[in-house]
There are 2 protein chains.
Amino acid sequence: MTGIKDIAKKANVSISTVSYALNGSDKVSEKTRDRITNIARELNYTPNLAGKTLKRKKTDIIGVYVHDFSGYFYSHVIGGISSTLKKFGYETIVCSGGNQARLFIPQRLVDGAIIIDPNFPDEDIANYAQQGYKIVLMWGGLSLPSISHVVVDNTQGAKQAIDALHLAGVENYVIVTGPTDSYDSQQRLEASLSEIQKFTKQPVTILTSDFTISGGIDTAKYIAKQDLKKIGIFSLNDEMAIGLYEGLNKFGVQPGRDIPIIGFDNDQIGQFLNPQLSTIDYSKKQWGESAAETIVSMIRDKKTENKVIKTRLIKKSSIADKE
Amino acid sequence: MTGIKDIAKKANVSISTVSYALNGSDKVSEKTRDRITNIARELNYTPNLAGKTLKRKKTDIIGVYVHDFSGYFYSHVIGGISSTLKKFGYETIVCSGGNQARLFIPQRLVDGAIIIDPNFPDEDIANYAQQGYKIVLMWGGLSLPSISHVVVDNTQGAKQAIDALHLAGVENYVIVTGPTDSYDSQQRLEASLSEIQKFTKQPVTILTSDFTISGGIDTAKYIAKQDLKKIGIFSLNDEMAIGLYEGLNKFGVQPGRDIPIIGFDNDQIGQFLNPQLSTIDYSKKQWGESAAETIVSMIRDKKTENKVIKTRLIKKSSIADKE
DNA sequence: TTGTACGCGTTATCAT
DNA sequence: ATGATAACGCGTACAA
């Protein structure tokens, strides 16, 4: 409630003097600066952000957009974003992609946005980007010259997964996908199919699921009734693989023992499964850090850039060594 | 970049007419309203939040403060907060408790704050609350008339945990605590000790840890060298219990089989352990919803309130039935 | 029904 | 070294 003019009144100076003193200008004597600083502290003064922003035309805040707060998946990504942005003098706020929160971008509450939520409408993104708002996307698909992308190397990851199954003696591949409109899912599937072609002419079983644990449980029944000989599963994310463990066990099939299985994302839960889930890993922290560096670069250097985060195979006992 | 006066110019009206038209006032004709609305859309107009806030003196944004984004633990709590706030017309932003983000409260970027982060300094909280800023704390300890509390019933939960161990035949209790300055930890410990006294005069083994998985792993060695007869473990949260599983196994001790064990929080990972971890559950969604209702009540009805979230025992195979 | 003018809190320019 | 004042974008009381 206490503003710059309250301080001015109490100190018997003008508001400009107060502003100078508080913002470290050298146009004011040490004595008055100290006096004003003390009064400001005494009155619990904090500059009102609205007034300040109106004048400065920037907030030094970056918005990170997630699909919904309940998903913990991206927490390490956001941790990486936040710590890096802090180094550059920006604060991070996390928003969910509701229509209201989206407006923070054109309302200029944020100086830039990092969008993780794949459901953030392409139309809005294109619209904002075209108007000059700074946007970094954490997924592919929408390609525009005025936005930046920082994405996981799905192609490399899918190849590593298929190669691992191949080395384990798999000849009949089962791929459990995410939602059909997911770019990650599409890209991983495509790369998988092209890699499989190098090894076999056998038809590939593609089961469409939804990237969730319960989706994996539901999908299990379609796998259980297959001929299990030389079969191997690539679950396009770990969550579904966790569901597959649970679902397949109900049918008396032991994933990881009867059937080699590998996931994608290196979800923490995978290491608590029995046998431990093999997976494709990438540094979520680094992913976030790169996104943060990119948004800062867009704001300060006014240039866009696209980065790809490398993946690596994590081989656990869910893929047995070929005897 | 396009403002209210750009629209006024293009529509050949004054800025007030534009404002009236856009804010649904009945002081303007339908025709002009439509015309102005169309022009606004055409120019991609979005009101600048700073200017708007300066006038309205509120943002309809509530800030949720977490310790750091990397911890996924509170995601369902935040989900509950966000969905409830939306019903009341508020947007949710999640901030980490760095010194800079804290200022959002006195800077009036947010109309109120829900603080989950236990490390948010008491001094700042007291200071803000005293100045009339609306604050809801998700933990106990700091008690002031001008702030509200929405907390988990640690006392009830601890009793349920100890009772479950008692029923399983435990006579020698081992309690693994969180950081000594954690209010949750203190409260759970205190209630546990008082409940244990009802059953036995035996000394209780208290091992101080830190609420993390690795803390649980480290603590295991102190338990492994104990005489395991009629011993039982109450880990004051699930994360440490997960670590205890891993750590104890290294010493050839099987938690949940050789030693009954129970945690607190109902972390998802517990159900993937073998045997499944018994725990104390509470609705994280409801916890968040209550906090949201409370902050709205503070803002609109100008009254504080304190709520307690009930707990319940979830008995899994980590506590065997007494034969 | 529409236009003019002021105020919100801050920063910055220009005088003094 | 300090003060008066304009400007930022918006909402609204008041005048026309």
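First the proteins, then the strands, lettered A, B, ... as listed; each starts at 1.
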Pair [X], [Y]: side-chain N/O donor-acceptor within cut-off below 3.5 Å:
X       : Y       : answer
Y282(B) : D265(B) : yes
T32(B)  : S29(B)  : yes
D210(B) : T212(B) : yes
S25(B)  : N23(B)  : no
T294(A) : S297(A) : no
D68(B)  : S96(B)  : no
Q131(A) : N127(A) : yes

What is the distance, to the nearest angstrom, from the [atom1] atom on [X] to the [atom2] atom on [N]?
X       : N       : atom1 : atom2 : result
L109(A) : dC10(D) : CG    : P     : 15 Å
L22(B)  : dC10(D) : CG    : C1'   : 11 Å
I36(A)  : dA1(D)  : CD1   : P     : 13 Å

Earlier contact from the 5' end, DNA chain C, for T46(A) and S14(B): S14(B)

Residue K9(A) excluded, over 12 heavy atoms near NZ under 6.0 Å: no

Within 6.0 Å of NZ in K285(A), more than 12 heavy atoms from elsewhere: no

dA7(D) OP1/OP2 closer than 4.0 Å to side-chain N/O of K57(A): no

S29(A) side chain near dT2(D) phosphate (N/O to OP1/OP2, under 4.0 Å): yes

Outermost nucleotides of DNA chain C that come under 4.0 Å of a non-hydrogen atom of chain B: dT1(C) to dG9(C)

Mind checking if [X] touches a base, just sugar-phosphate, or nothing, with heavy atoms under 4.0 Å?
X      : result
D6(A)  : nothing
T32(A) : sugar-phosphate
T53(A) : nothing

Within-4.5 Å side-chain heavy-atom neighbours: I15(B) and I7(B): no

Aromatic plane relationship, F120(A) with Y128(A) - under 30° parallel, 30 to 60° tilted, over 60° perpendicular: perpendicular

Nucleotide-resolved protein contact map, nucleotides 11-16 of chain D, B/S/- at heavy-atom distance under 4.0 Å: BBBB--

Bend angle of the helix from dT1(C)-dA16(D) to dT16(C)-dA1(D), from helix axes over five pairs at each end, nearest 10°: 50°

